[in-house]
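Step one of this worksheet: look at the structure below.
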Amino acid sequence: MPIAENQPNSITRDVTIVEVGPRDGLQNEPGVIPTHAKICFVEALASAGLPIVEATSFVNPMRVPQLADAAEVMIGLRRAQGVHYPVLVPNGRGMDRAVAAGVEAIALFAAATEAFSTANVGASIAETFERFDPVAAEARRRGMWVRGYVSVAFGCPYSGDVEPAAVSHVAERLMALGCDEVCLADTIGTGTPAATARVLQAVLPSVPINRLALHFHDTSGNALANVDEALSAGVRVFDAAAGGLGGCPFAPGAPGNLATERLVEHLECRGLRTGVSPQGLRAAFAVLTPHLLRLRHPISA
Ligand code: MG
């Protein structure tokens, strides 16, 4: 069902922010954050007013050891009413683990280019969708909320420019799987306002505007300008990560995920309500700070 129908009634929002820090952020940290700190972080993000918090990932723990405790996080989490806590599910095995951990919302990852798909998940786009078929069918059977991502929708680190038609084709296949929301991701942060307009023009015939989300990275400094372009086209769901967690794996040292606090400030300054408390966000990030300092600066006293 569209997100708007799933929101707590007491909160009025003009824009929905999907917090991806606990998953997209922490998977790119150089080490592992303790499980109890992850749980506190996710709970604090929901308390800050974020209606959707992508909590972790049920990908192969050997490939993403930072999130190997996905089941413990989901089992330990006190879930707030009306908040979705999607987790990444790459295949049937991940789905089995997610179901056993009581997950009620999942995210499926597809890519707009064959090169990225092969590098990221070791499968072609067609093979990815073969894996998704039974997962999506089970999710529907269980009444789960399902989000579908299109990675590298604005540029690919392996094959360069991406045709908007290729993005639209993958988005259409995610809709056909029964996804409640499709999210187009600027995985390497090369998107511009002009590219945003082109991609939206290609995708909007296949994805209704109230089921479309955008995931911008600030690697080239364009994330907020891209948000403005998408807002003018009617998009009202954007991803962000508290503290800009995660960086950019394709440009070491450069910013990656748009920081949630910057997005909140940007939107609220334009008179758009997000329902997110800046103080609450700071409190959530403070949970992680000592652990991040330990990982990033291990030899400082
Ligand atoms: Mg990201």
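When reading the values below, keep in mind they use all heavy atoms of this one structure, side chains included, and skip hydrogens, waters and symmetry mates. Ligands are counted one by one from 1 in listed order, and the atoms in each one are counted from 1 as well.
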Do Glu19 and Leu245 have side chains that approach each other closer than 4.5 Å (heavy atoms only, starting at C-beta)? no
Closest His215 atom to the Mg ion (ligand 1) [N, O or S only]: NE2
Would you confirm whether Arg211, through its side chain, and Asp180, through its main-chain N or O, come within 3.5 Å as a donor-acceptor pair? yes
Measure the acute angle between the ring planes of Trp145 and His84, then classify it against the limits of 30° and 60° as parallel, tilted or perpendicular. parallel
Backbone or side chain, does Asp24 get an N/O/S atom under 2.8 Å to the Mg ion (ligand 1)? yes
Measure from NZ or CZ of Arg173 to the centre of the six-membered ring of Phe129, then state whether that distance is under 6.0 Å and the direction lies within 45° of the axis. yes
Counting backbone and side chain alike, does Asn257 bring an N/O/S atom below 2.8 Å of the Mg ion (ligand 1)? yes
